[in-house]
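To start, the structure under review is shown below, and the notes come after it.
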Amino acid sequence: MITYPKDQITVTQAAVVVSNTIIGTGILTSPRTIAQEVGSPDGWISVILSGMIALLAGYVVAKLSQRFPGQTFYEYSQIVVGKFLGRIHGGIFTFYFLLSAGFQLRAMGEMIRMYLLDNTPIEVIIIFFMSVATYLMVGGINAIARLFELFLPFIILILLSLVVFSLGDFKLENIRPVMGDGITPIFNGIKTSALSLSGFEVMLLFTAFMKEPQKAVKSTLIGIGVVIPLYVLIVVMCIGTFGIDELKTLTWPMMEDAMSIEVPGGVLERFESLFSILWVMTMYTTFVPFHYAASLGLGQLLNRNYQTFIFASLPVIYLIAMYPENLDNVFALGSFIGYSSVFIMGIMPFYFWIIAMIRGKGIASY
């Protein structure tokens, strides 16, 4: 049970945490993957439809957690389906977060090494990043939420600036005709774009820290709702700037776009430097909740202080991050995590919610 005021967050802070967790590798690489899956300029429609699916899944996640105020999924899962099955699901949940943290770490390191610190070993970049993240997590959920409140406006501002400054290279004909190849390609892109919206599943844990857990649905839907239009703008911008055929070949399309931007008046000669700051911030605000969630899970499943596992899990996350041999294997790991998230954020919360209602577990009025 969450009992200390310093461990509590507001409705706004919970929404900010959701938004920051979603805005990670997915929002920065999804234009390429969506272009590959859809194969037409209609990828932005896929993002809108997948956003609706994410809102529905987020509603289920929040409604489930609201039934058990002050308890995380690791705790109430044992109430809903019994201690044995609950611990198994908790273990799966923890492993998912460890994999996600490792993937975010490696993706961040690859980009930093490619564009900024090409002579620096990726191991050094990763270890430094983990150290800074660990310092924040030791402060608890309240420290995390307050820093994320500071970061989110800057992240949104830089993303919108990228869109505005890209208008000079934007070609309207690249996003036409709308639905020229029919509706089938749009459905092909829903899967990929929906996976890039994962991250709101952290509310299965963070609802327990809310001062007003009865408003978890509001926080979750607002958090997801902030990200959806950003996704749509970015996908439209990338398709309009590069065209669908070129976009398929770009590893980091948004970085390539940032490198081509020339700010009027020479105020900023290299916009990609500013964008690199955005990249690191988004990786940080995605890695921290995943690592924190995994550490909290290990602590609650093993009846130990979660702070112990913040440090104990570092070698595991590091090994996961360094396991892929090359960038292709990194993206393969990301795809595996994405497909796993279908179960974690879509299927599992739904059947736990149904079972909880049938068995009358939790507070139904929430």
Please name the pair of heavy atoms, one in [X] and one in [Y], separated by the smallest distance, quoted to 0.1 Å.
X	Y	answer
V178	D42	CA-OD1, 3.5 Å
G225	L55	N-CD2, 4.2 Å
A293	L205	CB-CD1, 3.3 Å
I112	V280	CD1-CG2, 3.5 Å
R67	W353	CD-CD1, 4.0 Å
S65	L204	OG-CA, 3.3 Å

Between [X] and [Y], is there a shared hydrophobic cluster once you connect ILVMFWY residues whose side-chain heavy atoms come closer than 4.5 Å?
X	Y	answer
V288	Y135	no
F343	I355	yes
L85	I354	yes
I344	I347	yes
Y284	V226	yes

Is a side-chain N or O of [X] found less than 3.5 angstrom from the main chain of [Y], in a donor-acceptor match?
X	Y	value
T285	T282	yes
E201	G199	yes
R87	Q78	no
N329	P324	no
S46	I186	yes
T286	M283	no

[Y] and [X], any side-chain heavy atoms less than 4.5 Å apart:
X	Y	result
L160	L230	yes
M322	I122	yes
Q71	I79	yes
I22	S198	no
V80	R359	no
V47	L197	no
L247	P31	yes

Parallel, tilted or perpendicular, as decided by the 30° and 60° cut-offs, for the rings of F68 and Y76: parallel

Y96 and F93 aromatic ring geometry - parallel, tilted or perpendicular at 30°/60° bounds: parallel

What distance separates [X] [atom1] from [Y] [atom2], expressed to the nearest 0.5 Å?
X	Y	atom1	atom2	value
I228	L49	CD1	CG	10.5 Å
N142	L147	CG	CG	11.5 Å
E110	L105	CD	CG	11.0 Å
S341	L99	OG	CG	12.0 Å
L98	T94	CG	OG1	7.0 Å
I141	L296	CD1	CG	9.0 Å

Using a 6.0 Å cut-off, check whether atom [atom1] of [X] has over 12 heavy atoms from anything other than its own residue.
X	atom1	result
F128	CZ	no
F95	CZ	no
E173	CD	yes
F350	CZ	no
F151	CZ	yes
K248	NZ	yes

Any side-chain donor near an acceptor of the partner, Q66 and Q214, under 3.5 Å: no

Flag for Y231-S50: side-chain donor and acceptor within less than 3.5 Å: no

Ring-face cation of R32 near F331 (centre distance under 6.0 Å, axis angle within 45°): yes

Pairing of E149 and R146 as salt bridge, 4.0 angstrom limit: no

Worked verdict on V330 versus N326 for side chain to side chain contact (heavy atoms under 4.5 Å, CB included): CA-CA 6 Å; V330 173; N326 50 51; over 6 Å; no

Test of ring centre spacing under 6.0 Å for F352 and H89: yes

Pair F129 + F287: ring centers closer than 6.0 Å: yes

